[in-house]
2 protein chains.
Amino acid sequence: MSEELDLVRQGIDEVDKELVTLLKRRLQLVAKVGEIKSRLGIPVYAPDREQDMLAKRRNEARKHGISPQLIEDVLRRIMRESYSSERDAGFKCVNPAARNIVVIGGNGQLGSIFVRLFRLSGYTVDVLSRRNWEQDAERMLSNPSMVVVCVPIDVTLETIDKLEHLPEDCILTDFTSVKVKPVERMMKVHRGPVMGLHPMFGPDIASIAKQVVVCCEGRMQDQCEWVLSQMKIWGARIEKVTAVEHDRAMSFIQALRHFTTYVYGYYLEKYKVDLDTLVQLSSPIYRLELMLVGRLFAQDPSLYADIILSSERNIENIAAYKDCIAEQVDMIKCYNRENFIREFLAVREYFGEYAGQFLKESKQLLDQARDSIVHQTL
Amino acid sequence: MSEELDLVRQGIDEVDKELVTLLKRRLQLVAKVGEIKSRLGIPVYAPDREQDMLAKRRNEARKHGISPQLIEDVLRRIMRESYSSERDAGFKCVNPAARNIVVIGGNGQLGSIFVRLFRLSGYTVDVLSRRNWEQDAERMLSNPSMVVVCVPIDVTLETIDKLEHLPEDCILTDFTSVKVKPVERMMKVHRGPVMGLHPMFGPDIASIAKQVVVCCEGRMQDQCEWVLSQMKIWGARIEKVTAVEHDRAMSFIQALRHFTTYVYGYYLEKYKVDLDTLVQLSSPIYRLELMLVGRLFAQDPSLYADIILSSERNIENIAAYKDCIAEQVDMIKCYNRENFIREFLAVREYFGEYAGQFLKESKQLLDQARDSIVHQTL
């Protein structure tokens with residue numbers, strides 16, 4: 001096209017080759033950090049050190065007249081790579097005296113992540129499922145240090161009921177996405193340490209680093225703390241709330257949100273809206289929203305059925321939302337512009353500083369989305 | 001903490017310094033490419049060349065044993081920076097013979113982006129608003145090559161009505177987010193070339209590169225094509241559909257989606273749900289969804305009122321959605337798990353390959369979100 005253009009492009013190619021070798025060197029050094037940290041039992045994810053490091057880099061970028069945000073974004077991306085490549089390195093074991101850990105449902109998608117992480121940390125992990133229960137349960141459950149119930153929500157309580165004869169110092173915990181009933185039942189069945197956990201992620205995560213695990217204390221929490229310390233070493237963020245607070249929040253975070261996402265997809269399907277046109281004409285934000293809807297339907301329907309139907313509270317919550325929709329549809333049917341604006345401003349008030357914060361964050365994320373999203377229709 | 005750790009971290013610091021200078025060099029080279037391109041009138045955004053280049057880099061990464069996705073993500077981020085820094089460089093003018101361009105509403109947030117871009121491309125641009133109409137309209141509108149109507153949706157038609165006496169070769173276009181009525185009205189008022197445009201982005205974009213502009217042809221499209229060529233040079237992606245198709249799609253992409261987002265926020269506010277707890281316990285995906293809800297309320301309510309209330313079709317669409325919600329709430333009230341799963345699978349069928357594609361894309365995006373999102377409560 002132009003010799004001049006070709007020449008500059010050759011220059012870019014050379015820079016990019018240097019970039020590849022530089023990235024490689026950085027990943028190797030970070031792997032070394034991971035190895036040392038693991039040996040010393042220091043958590044993988046160190047938010048403060050990360051913030052310090054990024055602040056320094058932003059300053060250097062400024063001095064060179066390039067955008068601080070650019071260097072931060074690039075470094076964050078490289079750091080994410082490091083977290084996920086750290087997975088196979090093994091982790092420091094915070095409780096080497098522990099006897100075996102039994103994960104009931106450890107063959108499942110979520111369970112197997114934890115089985116792997118506990119094993120990488122040097123624990124002896126036994127996996128129980130329906131298939132090997134009769135054969136292995138008695139032996140495995142004879143003297144474990146911890147039992148994790150990680151089974152579908154509709155069989156959680158009956159599974160807990162089978163755990164009456166655990167040793168008194170054994171920690172009993174579950175990974176169910178509701179917490180009041182399982183924790184209650186574990187307290188009833190077992191006399192030792194009890195703690196309800198809810199890992200807030202699906203089986204498709206690249207790394208547990210920075211993922212949230214909600215913890216609802218049951219009994220003898222001090223004896224359970226080593227498990228949380230171990231998870232922090234893996235990089236998890238532990239959030240403690242009561243079981244009641246947890247279930248109330250999840251009724252919004254999971255049940256209502258999954259339901260509205262489901263209904264939106266159902267509606268598009270019912271009216272056979274042309275997806276190709278929607279994709280073709282989407283702004284990045286609608287494309288993102290459509291993506292969040294579509295991704296639901298690539299996943300397991302029974303998981304969503306279980307979450308939505310897991311409590312009366314969820315159904316009531318969703319029904320109240322339905323009434324809200326009906327009320328607001330009546331408003332817009334009257335083309336009541338002023339009312340809409342008044343309600344809108346009340347909601348803005350409620351969101352407070354979050355509204356601006358979310359706008360700022362989403363700008364950045366939408367830019368990223370625009371970079372990477374496939375706009376071609378399939 | 002450990003000398004060994006400090007030593008490796010020093011190594012990382014050095015690599016990062018090299019990274020900053022390398023980024024700087026790359027940005028300078030790309031700026032040179034932009035300059036040459038602009039001189040030769042080659043579009044800023046070259047999807048094919050971009051794909052080729054990325055494929056090569058992925059290969060090189062593979063050879064070095066590092067993740068191809070890592071190098072692609074890093075390069076995409078750097079390229080985005082290049083697009084936005086290209087903004088001030090000026091653009092090749094595809095129609096140097098053009099007389100003045102009048103942007104009615106060119107002081108507005110969206111209008112001013114285009115005023116700037118046209119000026120950066122060497123056109124003479126006049127801005128008309130309510131304030132200077134009486135004083136300047138006659139002169140500015142006496143012999144323009146193009147008039148752009150970029151005013152709020154509720155005054156679009158009356159503004160078009162004032163444009164009866166444009167020269168016959170003048171292009172008349174509008175940027176309204178509905179297209180059937182404005183295009184119809186422009187065809188009636190003006191006898192020359194007419195084209196409806198809908199830039200699918202807000203005023204907060206960093207660059208127009210890769211942004212979508214929908215084009216609905218009106219009359220004498222061949223005479224309008226230079227405007228689209230000019231926008232492609234800026235980097236925009238032009239999508240042509242009929243005005244009817246446009247409005248039908250926007251009823252979903254904009255009206256219904258904005259409404260459901262609005263109602264979700266309204267619902268949280270009505271029940272005074274504790275936002276801090278939601279933020280604290282959010283998984284990345286819910287945090288993302290909450291962000292997409294909250295960001296709406298940081299923006300102009302009248303904009304959303306206008307979009308939602310802009311047509312009867314929108315209201316009907318939203319009312320039909322409400323009926324869908326009611327129907328599905330009745331289903332879950334009966335705890336009808338099988339029904340839910342059946343409907344779910346039908347929607348999956350409808351999404352077809354998009355479901356898997358969206359899941360794959362969202363995984364990547366959620367990882368990015370997890371990197372950059374602020375988890376601290378405010």
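Below, each value reflects all heavy atoms present in this structure, side chains not excepted, and no hydrogens, waters or symmetry copies. Please read these numbers as outputs of a predicted model, since none were measured by experiment.
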Worksheet item: Distance from Leu365(B) atom CG to Leu292(A) atom CG, nearest 0.5 Å?
Response: 8.0 Å
Item to complete: Name the member of His64(A), Gln254(A), Lys333(A), His246(A) that forms the most heavy-atom pairs with chain B at distances under 4.5 Å.
Response: His64(A)
Discussion item. At a 4.5 Å cut-off on heavy atoms, which part of Leu29(A) comes close to chain B: side chain, backbone, both, or neither?
Written reply: both
Discussion item. Heavy-atom cut-off 4.5 Å, strictly under: side chain, backbone, both or neither for Gln69(B) against chain A?
Written reply: both
Worksheet item: So Arg295(A) and Glu361(B), salt bridge (charged side-chain N to carboxylate O under 4.0 Å, His left out) or not? Walk me through it.
Response: CA-CA 9 Å; Arg295(A) 83 189 289 279; Glu361(B) 276 179 13; over 6 Å; no
Fill in: Tyr266(B) versus Gln328(A), closest heavy-atom pair with distance
CZ-NE2, 3.1 Å
Worksheet item: Minimum heavy-atom separation for Leu278(A) to Phe252(B), with atom names?
Response: CD2-CB, 4.2 Å
Response to the item:
chain A shares the most heavy-atom pairs under 4.5 Å, among Ile318(B), Val263(B), Val293(B), Ile253(B), with Ile253(B)
Discussion item. Is any side-chain heavy atom of Glu81(A) closer than 4.5 Å to one of Asp73(B)?
Written reply: no
Worksheet entry | Interatomic spacing from CZ in Arg25(B) to CD1 in Ile12(A) - rounded to 0.5 Å | 11.0 Å
Worksheet item: Which one of Glu245(A), Glu14(A), Lys17(A) has the most heavy-atom pairs closer than 4.5 Å to chain B?
Response: Lys17(A)
Practice prompt. Decide yes or no for Tyr267(A) and Cys324(B): does some side-chain heavy atom of the first lie under 4.5 Å from some side-chain heavy atom of the second?
Written response: yes
Fill in: Backbone N/O of Gln299(B) and side chain of Arg348(A): donor-acceptor pair under 3.5 Å
yes
Item to complete: With a 4.5 angstrom heavy-atom cut-off, could you sort out which part of Phe351(B) is near chain A: side chain, backbone, both or neither?
Response: both
Response to the item:
What one should report as the nearest heavy-atom pair of Val8(B) and Ile36(A) is CG2-CD1, 3.9 Å
Worksheet item: Which of the residues Leu359(A), Asp323(A), Thr21(A) is involved in the greatest number of heavy-atom pairs with chain B at under 4.5 angstrom?
Response: Leu359(A)
Discussion item. Quick check on Glu349(B): does its CD atom have over 12 non-hydrogen neighbours (other residues, nucleotides or ligands) under 6.0 Å away?
Written reply: no
Worksheet item: Could you walk me through whether Ile308(B) and Tyr335(A) pass the side chain to side chain contact (heavy atoms under 4.5 Å, CB included) check?
Response: CA-CA 9 Å; Ile308(B) 292 170; Tyr335(A) 291 84; over 6 Å; no
Donor-acceptor contacts, no H, no angles, side chain residues 337-347 of chain A, under 3.5 Å, sequence neighbours left out:
| unit_1 | atom_1 | unit_2 | atom_2 | d |
| --- | --- | --- | --- | --- |
| Arg337(A) | NE | Asp306(B) | OD1 | 2.9 |
| Arg337(A) | NH2 | Asp306(B) | OD1 | 3.0 |
| Arg337(A) | NH2 | Asp306(B) | OD2 | 3.4 |
| Asn339(A) | OD1 | Arg342(A) | NH2 | 2.1 |

Fill in: Closest heavy-atom pair and its distance - Ser283(B), Met200(A)
CB-O, 3.2 Å
Practice prompt. Please list, chain by chain and in numerical order, all residues satisfying ring-ring contact (aromatic ring centres under 6.0 Å, His included) with Phe259(B), sequence neighbours excluded.
Written response: none
Worksheet item: What part of Tyr321(A) gets closer than 4.5 Å to chain B, counting heavy atoms only: side chain, backbone, both or neither?
Response: both
Discussion item. With chain A as the partner, which of Lys272(B), Lys270(B), Arg49(B) has the greatest number of non-hydrogen pairs under 4.5 Å?
Written reply: Arg49(B)
Fill in: Best-contacting candidate, Ala249(A), Ala320(A), Ser67(A), against chain B by heavy atom pairs under 4.5 angstrom
Ala320(A)
Practice prompt. Take Lys32(A) and Glu4(B) through the salt bridge (charged side-chain N to carboxylate O under 4.0 Å, His left out) test and state the conclusion after the steps.
Written response: CA-CA 10 Å; Lys32(A) 212 172 250 172; Glu4(B) 198 185 353; over 6 Å; no
Item to complete: Mind listing the closest non-hydrogen atom pair of Val279(A) and Phe358(B) along with its distance?
Response: CG2-CZ, 4.3 Å
Worksheet item: When heavy-atom pairs shorter than 4.5 Å are enumerated against chain A, which of Asn336(B), Ile332(B), Ile66(B) gives the highest number?
Response: Ile332(B)
Worksheet item: With chain A, which of Ile71(B), Val241(B), Leu281(B) has the greatest number of heavy-atom pairs at distances under 4.5 Å?
Response: Leu281(B)
Item to complete: Using modelled atom types only, decide if a donor and an acceptor are shared between the side chain of Arg77(B) and the backbone of Val74(A) within a distance under 3.5 Å.
Response: no
Fill in: Part of Leu268(B) within contact of chain A (heavy atom distance under 4.5 Å)
both
Item to complete: Please report the C-alpha distance between Val20(A) and Lys63(B) in whole Å, then the side-chain angles of each, then the deciding distance to 0.1 Å, and finally whether the side chain to side chain contact (heavy atoms under 4.5 Å, CB included) criterion is met.
Response: CA-CA 10 Å; Val20(A) 171; Lys63(B) 273 182 215 153; over 6 Å; no
Worksheet item: By a 4.5 Å heavy-atom criterion (distance strictly below it), what part of Tyr286(A) contacts chain B: side chain, backbone, both, or neither?
Response: side chain
Worksheet entry | Segment of Ile285(B) engaging chain A (4.5 angstrom heavy-atom cut-off) | side chain
Response to the item:
Turns out that what part of Ile325(A) lies under 4.5 Å from chain B's heavy atoms comes down to both
Discussion item. I need the Lys24(B) NZ to Leu70(A) CG distance, nearest 0.5 Å.
Written reply: 13.0 Å
Fill in: Separation between CG of Leu290(A) and OG of Ser362(B), rounded to the nearest 0.5 Å
11.5 Å
Worksheet item: Which atoms of Val273(A) come close to chain B, meaning under 4.5 Å heavy atom to heavy atom: side chain ones, backbone ones, both, or neither?
Response: both
Response to the item:
Counting heavy-atom pairs under 4.5 angstrom with chain A, the leader among Lys322(B), Glu269(B), Glu327(B) is Glu269(B)
Item to complete: Taking the side chain as every heavy atom from C-beta outward, state whether Tyr271(B) and Asn317(A) have any pair of such atoms under 4.5 Å apart.
Response: no
Worksheet entry | For Gln280(A) against Arg237(B), the heavy-atom pair lying closest together | O-NH1, 3.8 Å
Item to complete: First locate atom CD of Glu18(A), then atom CG of Leu19(B), and finally report the distance between them rounded to the nearest 0.5 Å.
Response: 11.0 Å
Worksheet item: Can a salt bridge be assigned to the pair Arg248(B) and Asp274(A) using a cut-off of 4.0 Å between side-chain N and carboxylate O?
Response: no
Worksheet item: Which atoms of Val214(B) come close to chain A, meaning under 4.5 Å heavy atom to heavy atom: side chain ones, backbone ones, both, or neither?
Response: side chain
Fill in: Segment of Asp13(B) engaging chain A (4.5 angstrom heavy-atom cut-off)
both
Practice prompt. Give the member of Gly352(A), Ala319(A), Ala305(A) that has the highest number of heavy-atom pairs under 4.5 Å with chain B.
Written response: Ala305(A)
Worksheet item: Based on non-hydrogen pairs under 4.5 Å, which of Tyr350(A), Tyr304(A), Tyr262(A), Phe201(A) is most in contact with chain B?
Response: Tyr350(A)
Worksheet item: On the ring face of Tyr264(A), is Arg257(B) found with NZ or CZ under 6.0 Å from the centre and within 45° of the axis?
Response: yes
